[in-house]
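Take a look at the structure set out below.
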Amino acid sequence: MAIVGAGPVGLAVAIDLALRGVATVVLDDNDRLPAGSRAICWAKRTLEIFDRLGVAGPMVDRGVTWKVGRLFHGARQVCAFDLLPEAGHRMPAFINLPQHEVERLLVARCADFPGLIDLRWCHRVVGVTPEDAGVAARVEAPDGAYDLVADYLIACDGARSPVRGLLGLAFAGQAFEERFLIADVEMKADFPAERWFWFEPPFHGGQSALLHKQPDDIYRIDLQLGPDADPAEEMRPERIIPRVRAMVGDRPFRLVWTSVYTFQCRRLARFRHGRVIFAGDSAHVVSPFGARGGNGGIQDADNLAWKLALVVQGRAPAALLDSYDEERGRGADENILNSARATTFMTPKSAMEHLFRQAVLDLAVDHAFARRLVNSGRLSLPCSLAGLSPQTPAEPGAPGLVAPGTPCPDAPLDDGFLLDHLGQGFTLLAVGDTVVPAETGLPLLRLPAGGVVAQRYGAGALYLIRPDQHVAARFPAGADAAAIRRAHRRALGETAYD
Ligand SMILES: Cc1cc2nc3c(=O)[nH]c(=O)nc-3n(C[C@H](O)[C@H](O)[C@H](O)COP(=O)(O)OP(=O)(O)OC[C@H]3O[C@@H](n4cnc5c(N)ncnc54)[C@H](O)[C@@H]3O)c2cc1C
């Protein structure tokens with residue numbers, strides 16, 4: 001199997017496949033990991049996936065944990081939100097950790113699979129030829145060009161995806177004209193580990209601003225510049241330093257990394273093209289507000305790897321890969337919708353849109369209904385896969401609380417946390433003494449019908465959990481082995497629901 005791109009998504013796919021015994025060659029045209037920080041916010045679901053891949057521990061230890069966001073209008077706080085008000089989860093709502101550090105930890109994890117992950121830096125893919133039984137890739141490398149033939153090629157080659165271009169695929173969507181300055185600034189300050197977002201702040205008239213804390217006294221600052229800003233001019237330190245000083249006050253600081261960017265919301269119509277499959281930014285892009293790009297890409301990896309492994313090992317039909325397209329297509333649509341809505345709210349185009357925003361921000365101070373309309377980027381959450389073809393809908397009255405298509409909520413157990421006990425394959429999860437038929441061939445995880453598990457899953461429930469920790473089915477009381485096998489076959493893409 002070939003993976004093009006050793007960004008977070010390509011590396012996550014490679015590790016996940018290696019955990020399932022599938023060998024990959026990972027090709028990246030860079031000679032090293034990039035230094036600029038790009039993504040910083042990694043969401044709870046991503047951290048749960050990283051934990052399954054064996055890399056979350058050092059990320060959480062090193063990252064800045066946060067869960068509270070505050071929204072300001074001018075100098076006044078409009079509202080605050082808590083992204084994880086309940087206890088009983090191993091992973092925090094978010095950590096802030098620069099993307100290059102996340103990638104470095106993923107690369108280090110790849111080294112744990114010497115016979116399975118062949119990571120090749122400075123290997124640029126310049127040609128892709130889909131064939132009936134595989135994909136041929138032309139690769140340029142320091143020691144000369146060569147051809148690589150793989151059964152599948154996973155294109156994780158980023159927003160500009162050369163593989164997408166080589167196949168002539170359209171990347172349809174919307175480009176936004178608004179320009180933003182992004183600056184990572186090192187300074188001693190006592191801003192809390194929270195997300196602070198300002199509409200029309202006193203220090204940056206008429207625009208918006210965002211502040212996030214990272215490790216080592218580094219802060220991420222985003223400043224809206226407007227559509228007419230000249231990027232070359234705005235990148236000059238003489239322009240940046242006064243803007244930052246107006247925001248952080250008269251204290252010493254150092255610019256670590258700066259960039260001026262615009263953003264786009266685009267996606268491929270289909271993520272699977274035979275034996276070439278797109279994941280991450282090559283498949284879809286969104287604005288950074290909401291932290292949905294990298295987090296969405298890691299969910300692609302989570303969804304794709306177990307399916308690919310089962311298909312190449314001959315344990316599921318190739319049709320299973322179409323469910324990747326279906327499920328992650330929904331995720332991409334949801335992320336694009338959220339991103340586009342946030343952009344409209346953040347950058348009102350007409351006097352009427354501006355008036356609406358003023359009214360919402362004024363009302364939001366005292367009224368909950370208006371708070372729901374304030375949008376500075378809804379932060380990344382996993383999308384529900386409910387109703388899509390691999391899931392077996394729960395029959396009315398089936399005991400339990402979690403709907404098929406939902407990622408399993410974590411819960412504390414006497415010996416760790418629930419997600420730690422799910423393993424890498426399909427699992428039956430029973431809560432309490434519900435009867436579980438023998439001879440399903442599936443491992444059983446039986447949990448006590450009390451405490452947080454029962455509150456989150458419901459006493460007496462029986463679930464089929466997929467390898468990516470999503471509920472595939474929730475069975476009625478007394479379900480027999482045939483019903484469980486049917487749901488399992490459906491989750492494997494072997495049968496359609498009838
Ligand atoms: C300013 C900014 C802030 C952001 N903040 C966040 C955030 O807080 N949270 C979040 O979730 N997301 C954020 N994002 C989005 C996030 O950075 C991307 O979604 C993420 O990098 C996508 O990962 P990827 O692995 O798909 O692609 P990339 O990280 O782009 O990796 C693609 C890799 O493919 C390689 N490659 C390209 N072409 C070839 C070729 N021909 N041959 C071989 N290799 C090739 C590249 O060298 C690169 O290493 C942000 C983005 C920006 C720009």
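Each ligand, and each atom within it, is numbered from 1 in the order the structure gives. What you are looking at is a predicted structure, and each value in this text was computed from that prediction instead of being measured. The figures here come from the full heavy-atom set of this structure, side chains too, leaving out hydrogens, waters and symmetry mates.
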Exceeds 12 heavy-atom contacts within 6.0 angstrom, atom CD of Glu177: no
Verdict with supporting geometry, Phe263 and Val285, side-chain contact (heavy atoms from CB on, under 4.5 Å): CA-CA 8 Å; Phe263 57 81; Val285 288; over 6 Å; no
Qualifying residue, where the test is side-chain hydrogen bond (donor to acceptor under 3.5 Å, both in side chains) with Gln469 and the options are Arg45, Gln424, Arg52: Arg45
Gly297 heavy atom under 4.0 Å from ligand 1: no
Nitrogen or oxygen of Pro288 less than 3.5 angstrom from that of ligand 1: no
Test of proximity, Glu103 against ligand 1: N or O pairs below 3.5 Å: no
Spacing of CG belonging to Leu210 relative to CG belonging to Leu71, to within rounding of 0.5 Å: 10.0 Å
Heavy-atom nearest neighbour of atom 11 (O) of ligand 1 within options Val286, Asn335, Asn96, Asn295: Asn295
Geometric N/O contact Asp29 with ligand 1, under 3.5 angstrom: yes
Val4 contact mode with ligand 1 (heavy-atom cut-off under 4.0 Å): side chain
Atoms in ligand 1 with a heavy atom of Cys156 nearer than 4.0 Å: 32 (C), 33 (C), 34 (O)
Interfacing atoms of ligand 1 (cut-off 4.0 Å, heavy-atom, Gly158): 27 (O), 30 (O), 32 (C)
Within-cut-off N or O pair, Arg292 and ligand 1, under 3.5 Å: no
Part of Ile182 with heavy atoms under 4.0 Å of ligand 1, whether side chain, backbone, both or neither: side chain
Distance-only side-chain donor-acceptor flag, Arg466 / Gln391, under 3.5 Å: yes
Pi-cation contact, Phe171 with Arg164 (under 6.0 Å, within 45°): yes
N or O pair under 3.5 Å between Gln99 and ligand 1: yes
Arg90 side chain to Leu418 backbone, donor-acceptor under 3.5 Å: no
Contact partition for Pro162 relative to ligand 1, non-hydrogen atoms under 4.0 Å: side chain
Short side-chain donor-acceptor distance under 3.5 Å, Thr343 and Glu178: no
Shortest heavy-atom approach to atom 4 (C) of ligand 1 - which of Ala39, Ala283, Gly296: Ala39
Separation of His273 NE2 from Leu268 CG (nearest 0.5 Å): 5.5 Å
Winner among Leu27, Val125, Leu166 once heavy atoms are compared against atom 42 (N) of ligand 1: Val125
Heavy atom of His123, distance to ligand 1 below 4.0 Å: yes
Min N/O separation Gly294 to ligand 1 under 3.5 Å: yes
Any N or O of Gly280 closer than 3.5 Å to N or O of ligand 1: no
Ligand 1 N/O within reach of Arg124 N/O, cut-off under 3.5 Å: no
Ile40 N/O under 3.5 Å from ligand 1 N/O: yes
Per atom 18 (C) of ligand 1, closest listed option by heavy atom (Val260, Leu97, Asp281): Asp281
Atom CZ of Arg236: over 12 foreign heavy atoms under 6.0 Å: yes
Verdict with reasoning, Glu327 to Lys307, per salt bridge (charged side-chain N to carboxylate O under 4.0 Å, His left out): CA-CA 12 Å; Glu327 295 185 333; Lys307 295 176 180 175; 2.8 Å; yes
Proximal atoms of ligand 1 relative to Pro8 (non-hydrogen, under 4.0 Å): 23 (O), 25 (O), 29 (O)
Pairwise ring pair (Phe, Tyr, Trp, His ring centres under 6.0 Å) hits with a residue in residues 279-302, at least two apart: Phe180-Phe289, Phe271-His284
Min N/O separation Trp257 to ligand 1 under 3.5 Å: no
Neighbour count >12 (heavy atoms, 6.0 Å) for atom CZ, Arg70: yes
